[in-house]
Trainee: 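Sharing a structure here in structure tokens format.
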Number of protein chains: 2
Amino acid sequence: MDKLFKALADGTRRELLDQLFANNGQSLGELCKQMTMSRQAVTKHLLLLEEANLVTIVWQGREKLHYLNPVPIAEIYERWIGKFERHRIEALNTLKQALEEDTNHE
Amino acid sequence: MDKLFKALADGTRRELLDQLFANNGQSLGELCKQMTMSRQAVTKHLLLLEEANLVTIVWQGREKLHYLNPVPIAEIYERWIGKFERHRIEALNTLKQALEEDTNHE
DNA sequence: ATTATATGCAATAATTTGGTTGCATGTAAA
DNA sequence: TTTACATGCAACCAAATTATTGCATATAAT
């Protein structure tokens with residue numbers, strides 16, 4: 001879960017995911033063309049995405065193709081979104097109460 | 001969105017959110033008691049959570065109370081989970097195809 | 001066989017992050 | 001009005017992150 005959030009915590013990496021959303025299965029070279037930084041920098045970002053299991057690699061000859069994997073994102077949903085949703089109404093109510101108590105100087 | 005992901009990308013900060021899940025509206029001192037690091041370290045983590053809008057502060061006398069805010073997490077869902085879900089079946093299919101082409105050496 | 005292309009590996013440098021410590025300030029209690 | 005408590009501010013340090021560069025290797029094309 002830590003690697004997943006860290007992978008998503010960088011704009012460049014989210015941009016790479018966006019590129020794969022737009023066109024899945026691109027090679028390293030194709031992805032690099034659309035970025036401003038060096039190939040090695042892009043490689044490192046992609047490595048983190050692979051380690052977070054967000055991107056799957058398929059070698060085709062000398063080309064390395066990159067495919068999106070949606071599974072880890074679903075885990076975020078289950079672990080965090082669901083949790084927040086469950087607490088949502090209660091949390092907002094206690095916050096509201098606290099704010100009222102504070103402004104009313106009870 | 002960047003601050004949000006970065007805020008969630010640290011285990012200590014997710015632990016602080018967990019503490020507030022368990023007991024919403026805790027003061028800085030109460031949160032610190034449950035952590036191993038210095039008060040200042042905790043303060044800095046909480047500041048990032050505030051800037052990501054995940055935690056809302058209410059001052060009560062000399063105490064600073066911390067409340068969860070579920071809204072930004074919902075934004076993650078809309079921006080990322082939804083997007084992944086929409087592409088999910090298509091992405092898995094193209095990946096499957098690529099894997100088959102690769103192993104069959106066509 | 002030679003050349004061009006696609007990628008990997010390793011050393012390095014700059015920046016960001018996570019943490020500590022010491023001192024200052026504001027609020028409540030004795 | 002002292003004293004204790006809750007927190008803020010700032011300087012500083014170590015470790016992790018991001019990016020660059022130069023060279024090496026493997027595959028494809030001529």
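From a predicted model like this one, the values you see are computed outputs, not experimental measurements. Here is the naming used below: chain letters follow the sequence lines, and residue numbers restart at 1 for every chain.
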Trainee: Let's see if you can work this out: which of C:dT7, D:dT18, C:dG19 has an atom nearest to the side-chain heavy atoms of B:A41?
Mentor: C:dG19
Trainee: Between D:dA19 and A:K44, counting only base atoms on the nucleotide and side-chain atoms on the residue, is there a donor-acceptor pair under 3.5 Å?
Mentor: yes
Trainee: Identify which nucleotide among D:dT18, C:dG18, D:dG8 has an atom closest to any side-chain atom of B:T43, counting heavy atoms from C-beta outward.
Mentor: D:dG8
Trainee: Considering only C:dG19, C:dT7, C:dG18, which nucleotide approaches the side chain of B:M37 most closely?
Mentor: C:dG19
Trainee: Under 4.0 Å between a side-chain N/O of B:K6 and OP1 or OP2 of C:dT16, yes or no?
Mentor: no
Trainee: Is A:L48 touching bases, backbone alone, or none of the nucleic acid, heavy atoms closer than 4.0 Å?
Mentor: sugar-phosphate
Trainee: Report yes or no: is there a donor-acceptor pair, N or O only, under 3.5 Å between the side chain of B:R39 and the base of C:dG19?
Mentor: no
Trainee: On the nucleotide C:dT17, are OP1 or OP2 found under 4.0 Å from the side-chain N or O atoms that B:H45 carries?
Mentor: no
Trainee: Between B:S38 and C:dT20, is there a side-chain N or O to OP1/OP2 distance below 4.0 Å?
Mentor: yes
Trainee: State whether the number of non-hydrogen atoms from other residues, nucleotides or ligands found under 6.0 Å of B:K3 atom NZ is greater than 12.
Mentor: no
Trainee: Over how many whole Å does the gap from B:H66 atom NE2 to D:dA6 atom P extend?
Mentor: 14 Å
Trainee: A:L28 CG to D:dT27 P: how many Å, rounded?
Mentor: 16 Å
Trainee: What is the distance, rounded to the nearest whole Å, between atom CD of B:E30 and atom P of D:dC5?
Mentor: 16 Å
Trainee: Starting at atom CG of A:L8, determine the distance to atom P of D:dT17, rounded to an integer number of angstrom.
Mentor: 15 Å
Trainee: C:dA29 P sits how many Å from B:E63 CD, rounded?
Mentor: 10 Å
Trainee: Keeping B:N24 on the side-chain end and B:L68 on the backbone end, is there a donor-acceptor pair under 3.5 Å?
Mentor: yes
Trainee: In whole Å, I'd like the distance from the CD1 atom of B:I57 to the P atom of D:dA6.
Mentor: 16 Å
Trainee: Please report, rounded to the nearest Å, how far the C1' atom of C:dT5 is from the CH2 atom of A:W59.
Mentor: 12 Å
Trainee: Taking the inter-plane angle between the rings of A:F5 and A:W80 on a 0 to 90° scale, is it parallel (under 30°), tilted (30 to 60°) or perpendicular (over 60°)?
Mentor: perpendicular
Trainee: Compare the minimum distances between each of C:dT20, D:dT7, D:dA19 and the side chain of A:T12, then state the nucleotide with the smallest one.
Mentor: D:dA19
Trainee: For A:F5 and C:dT17, what is the distance between atoms CZ and P respectively, to the nearest whole Å?
Mentor: 17 Å
Trainee: Classify the side chain of A:Q40 and the base of C:dG8 as holding, or not holding, a donor-acceptor pair under 3.5 Å.
Mentor: yes
Trainee: Going by modelled atom types, is there a donor-acceptor pair between the base of C:dT5 and the side chain of A:R62 at under 3.5 Å?
Mentor: yes
Trainee: Are any side-chain N or O atoms of A:E63 and backbone N or O atoms of A:Q60, one a donor and one an acceptor, separated by less than 3.5 Å?
Mentor: no
Trainee: Between B:N69 (side chain only) and B:T56 (backbone N and O only), is there a donor and an acceptor less than 3.5 Å apart?
Mentor: no
